[in-house]
Enquirer: 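What follows is a structure written as structure tokens; I'll ask about it next.
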Amino acid sequence: MHISAELRQLFARAKRVVVLTGAGVSAESGVPTFRGGGNTAVWKGMPFDVISSAEMVERDLPAVWEWFDYRRNFLQELTPNPAHYEIARWQERFAELTLVTQNIDGLHQKAGSLEVIELHGNIWRARCTACRTTYSMVQEKRPDACFECGDSLRPDVVLFGEMLPPGAFEFAAVRASQSELCFVVGTSALVYPAAGLPEIAKAAGAYVVEVNPERTPLSSLCDEVLTGKAGEVLPLF
Ligand code: APR
């Protein structure tokens, strides 16, 4: 894997760095991606973007919980891979590292990343459908109903057809517009507004690097494309 001298020099002196990750950064941990490799995930005959939708929460919340309980149990056994650990190390390396993830698996935090901007929420949290109180499910079983207002709980995950958590993208966009170096790791760059972050960084003059075994719609915009698996490429820095 060739990493240009220009990127190595920038990596050595950069202060403000943004990292955007997608499902691909967790692939080597055993987390199935949604796309990539030509297939899309299906649950009980329903495409994932149907079962993971706001409309399904209205129509059949128990079915939504069944899908997320299955995924959470599946994730329970999984551990971070070298890509997660390398990114966690970068928070010490750079004066200002902004880690933005589309992943809900919590593996960045498990690898030691502290401030993770979770654009799509987190599968280890439940949220009240009325008062938005959240409940951790890392150690605890989720309550049957909200202790605050008694209303029902739903996964604290951004579902299709829903807005991102208030302020999360806006904060990430500001950091992207101030960044010198932006890494885009393991995302098909098809889902907006997340996929717009590297575009904001590029427009502001940042050097944009993609890490992915496959080309994406973002590849042509990048200053450098490192074709390979995140767990093999990132430790090379
Ligand atoms: N290292 C790096 N990239 C990888 C690896 C790997 N080991 N394995 C696969 N990839 C790449 C694939 O080539 C693909 O481009 O990761 C990407 C995964 O793409 P998606 O499955 O579309 O995941 P993501 O981009 O995160 O999806 C965005 O869509 O489904 C919604 O909310 C969900 O957050 C998700 C969003």
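Since this is a predicted model, take the numbers as computed values, not measurements. As the structure lists them, so they are numbered: ligands from 1, and atoms in each ligand from 1.
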Enquirer: Are V18 and F11 linked, directly or through other ILVMFWY residues, by side chains that come within less than 4.5 angstrom of each other?
Expert: no
Enquirer: Is it the side chain (CB and beyond), the backbone, both or neither of Y192 that lies under 4.0 Å from ligand 1, heavy atoms counted?
Expert: neither
Enquirer: Taking a cutoff of less than 4.0 Å between a non-hydrogen atom of the residue and any ligand atom, is L190 in contact with ligand 1?
Expert: no
Enquirer: Ligand 1 versus T33, non-hydrogen atoms closer than 4.0 Å: side chain, backbone, both, neither?
Expert: both
Enquirer: For atom 3 (N) of ligand 1, tell me which residue out of P217, P213, A230 has the closest non-hydrogen atom.
Expert: P213
Enquirer: Charged N to carboxylate O under 4.0 angstrom, E199 versus K202?
Expert: no
Enquirer: Inspect the contact between E96 and R175 and indicate whether a charged nitrogen and a carboxylate oxygen are less than 4.0 angstrom apart.
Expert: yes
Enquirer: Polar-atom distance check: T216 versus ligand 1, any N or O pair below 3.5 Å?
Expert: no
Enquirer: Hey, is ligand 1 close enough to N103 that some N/O pair sits below 3.5 Å?
Expert: no
Enquirer: Does an N or O anywhere in A23 fall below 3.5 Å from an N or O of ligand 1?
Expert: yes
Enquirer: How does K229 reach ligand 1, by side chain, by backbone, by both or by neither, if only non-hydrogen atoms under 4.0 Å count?
Expert: both
Enquirer: Looking only at distances, can you tell me whether any N or O atom of A27, backbone or side chain, sits closer than 3.5 Å to an N or O atom of ligand 1?
Expert: no
